[in-house]
Number of protein chains: 2
Amino acid sequence: MFRLAEYVPYLLNRAGARIAGSFSAELAAHGISLQAWRVLAALLDATALRMGDLGRLTSIDVSTLTRIVDGMEAQGLVKRRRGPDDARSVWVEPSARGRALGRRIVPEALRYESIALEGFSADEAAQLRSLLVRVFANMDRLGGVRARPRRKAG
Amino acid sequence: MFRLAEYVPYLLNRAGARIAGSFSAELAAHGISLQAWRVLAALLDATALRMGDLGRLTSIDVSTLTRIVDGMEAQGLVKRRRGPDDARSVWVEPSARGRALGRRIVPEALRYESIALEGFSADEAAQLRSLLVRVFANMDRLGGVRARPRRKAG
DNA sequence: TATTGTTATACTCTATAACTATA
DNA sequence: TATAGTTATAGAGTATAACAATA
């Protein structure tokens, strides 16, 4: 007997999709997508990050990230810069406006987390967080974000 | 300071997406999508379910579900039937082939769950499951799967 | 020859709206 | 007028492949 309602991958996927959809709708008021918000969030602690690292941090494929950063650059939220050491790499840097927007969204994001964790004790919340980090690491080993042998197989 | 790597909605969404993507690729060998598998899984315990209930059980919007069931019907995995009591409702019933395929996939699905939970004790796994069920319920209250005032707003 | 990022494309998922037929 | 399901469509998100520039 198989119970979908107790199956961890299903619960992860559906809970994740639900909260993402709902938060996306709220972010629309700020004129950015959920993915753009993740980019901003990743940049809040850093002065600048390379596209590749940004992709790993946000779990966004670089090819997708390119277009997201295109949009954010057009909005004046980030700036691209070529690295002096390695001219292939591109550094993404938040603008003052980008930083300000990111910081303004943080409390809203935290409110969403507290909706997801409504009725949880502090202990339970911490427990869930640490269990999720471990699941995430397990899934990370499985592949994902493209392990790049990008050449055609044949 | 905001740490994306410890933010529950992010972890949920990314872990969920990762495992879904990976499992989808494996399901392709059986000729069905992840969503179709969920439909099969939901039907394994039932003789038949209405479209609406099926949508709620699998968290798939009915409009999406229609097309998924179209495909499954063409593959001979399920059969649609009109309800005698209420001629508006449509009952979806798994075929023998559909049931067999569903049952064949169950162990693979469980293997994926155990990949996600690698290194977890039985206690920790149970804990995560129950915490996720609660998160899922919290998100459910938030809206989702369309609360239908489907009429145009203006 | 390998790596970084970009572009193009195709496929899935999701959300919305308008429609049919029943109730 | 409300409900069950269908159809059409548009928007994200994701993955793949081919490419340019650089190492």
Side-chain angles (χ1 to χ4, degrees), chain A residues 13-14 16-25 27-28 32-39 49-56 58-71 73 80-92 143-154, chain B residues 13-14 16-25 27-28 32-39 49-56 58-71 73 80-92 143-154:
Chain A
N13 186 273
R14 291 296 90 194
R18 187 69 54 86
I19 197 166
S22 174
F23 191 36
S24 285
L27 283 173
I32 66 171
S33 68
L34 180 63
Q35 304 280 79
W37 145 247
R38 284 194 185 133
V39 169
L49 288 169
R50 287 183 303 168
M51 290 292 286
D53 295 327
L54 202 47
R56 271 178 289 277
T58 56
S59 310
I60 301 170
D61 189 281
V62 239
S63 68
T64 305
L65 193 58
T66 291
R67 272 169 301 122
I68 291 165
V69 171
D70 284 348
E73 203 168 17
R80 265 187 257 234
R81 186 179 306 222
R82 218 87 213 187
D85 39 307
D86 185 337
R88 288 174 305 184
S89 62
V90 168
W91 292 79
V92 183
V145 182
R146 180 153 59 190
R148 271 225 199 178
R150 279 159 103 179
R151 298 292 138 152
K152 190 167 182 172
Chain B
N13 185 272
R14 290 296 90 194
R18 187 69 54 86
I19 198 166
S22 175
F23 191 37
S24 285
L27 283 174
I32 65 171
S33 69
L34 180 63
Q35 305 280 80
W37 145 247
R38 284 194 185 133
V39 169
L49 288 170
R50 287 184 303 168
M51 291 292 286
D53 295 327
L54 202 47
R56 272 179 287 278
T58 56
S59 312
I60 300 171
D61 189 282
V62 240
S63 70
T64 306
L65 193 58
T66 291
R67 271 168 302 120
I68 292 166
V69 171
D70 283 347
E73 203 168 17
R80 265 187 257 234
R81 186 179 305 220
R82 217 89 213 184
D85 38 306
D86 186 336
R88 287 173 304 182
S89 63
V90 168
W91 292 79
V92 183
V145 181
R146 180 155 58 192
R148 271 227 198 179
R150 280 159 103 180
R151 298 291 137 153
K152 191 167 179 172

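What you see below is based on every heavy atom in this structure, not just the backbone, and it leaves out hydrogens, waters and symmetry mates. Everything numeric in this text was worked out from a predicted model, so none of it was measured. Throughout, protein chains are lettered first and strands after them, A, B, ... in sequence-line order, and every chain is numbered starting at 1.
- With hydrogens and angles left out, the side chain of B/Ser63 and the base of C/dT16 share a donor-acceptor pair within 3.5 Å.
- Two residues are said to be in side-chain contact when any heavy atoms from C-beta on lie closer than 4.5 Å; B/Leu54 and B/Val39 meet this criterion.
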I'd like a table of atom pairs between the protein and nucleotides 9-14 of chain C - only N or O on both sides, under 3.5 Å - with the distance next to each one.
unit_1 : atom_1 : unit_2  : atom_2 : d
C/dT14 : OP1    : A/Arg14 : NH1    : 3.4
C/dT14 : OP1    : A/Arg14 : NH2    : 2.9
C/dT14 : OP2    : B/Gln35 : NE2    : 3.1

All N/O pairs under 3.5 Å across the protein-nucleotides 21-23 of chain D interface:
unit_1 : atom_1 : unit_2  : atom_2 : d
D/dA23 : OP1    : A/Ala87 : N      : 2.8

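- Rounded to whole angstrom, the span from the CZ atom of A/Phe23 across to the P atom of D/dA12 amounts to 17 Å.
- Put simply, the side chain of A/Ser24 gets close to the backbone of A/Ala20: a donor and an acceptor are under 3.5 Å apart.
- For the pair A/Leu65 CG and C/dT6 P, the computed distance is 8 Å after rounding to whole Å.
- The CH2 atom of A/Trp37 sits 15 Å away from the P atom of D/dG13 (whole-angstrom rounding).
- The separation between B/Arg18 atom CZ and D/dG13 atom P is 16 Å, rounded to whole Å.
- The phosphate of D/dA4 has neither OP1 nor OP2 within less than 4.0 Å of any side-chain N or O from B/Ser89.
- The number of heavy atoms from other shown groups lying within 6.0 Å of CZ (A/Arg81) does not exceed 12.
- Atom CD1 of A/Ile32 and atom P of D/dG11 are 19 Å apart (whole Å).
- A 4.5 Å side-chain heavy-atom check between A/Met51 and A/Val92 finds at least one atom pair inside the cut-off.
- Under the 3.5 Å distance criterion, the side-chain polar atoms of B/Ser22 are left unmatched by any main-chain donor or acceptor of B/Arg18.
- In this structure, CD1 on A/Ile68 lies 4.0 Å from CD1 on A/Ile60, to the nearest 0.5 angstrom.
- With hydrogens and angles disregarded, a donor-acceptor distance shorter than 3.5 Å links the side chain of B/Glu73 to the backbone of B/Arg80.
- Qualifying salt bridge (Lys or Arg N to Asp or Glu O under 4.0 Å) partners for B/Asp53, counting only residues two or more places apart in sequence or in other chains: B/Arg50, B/Arg56.
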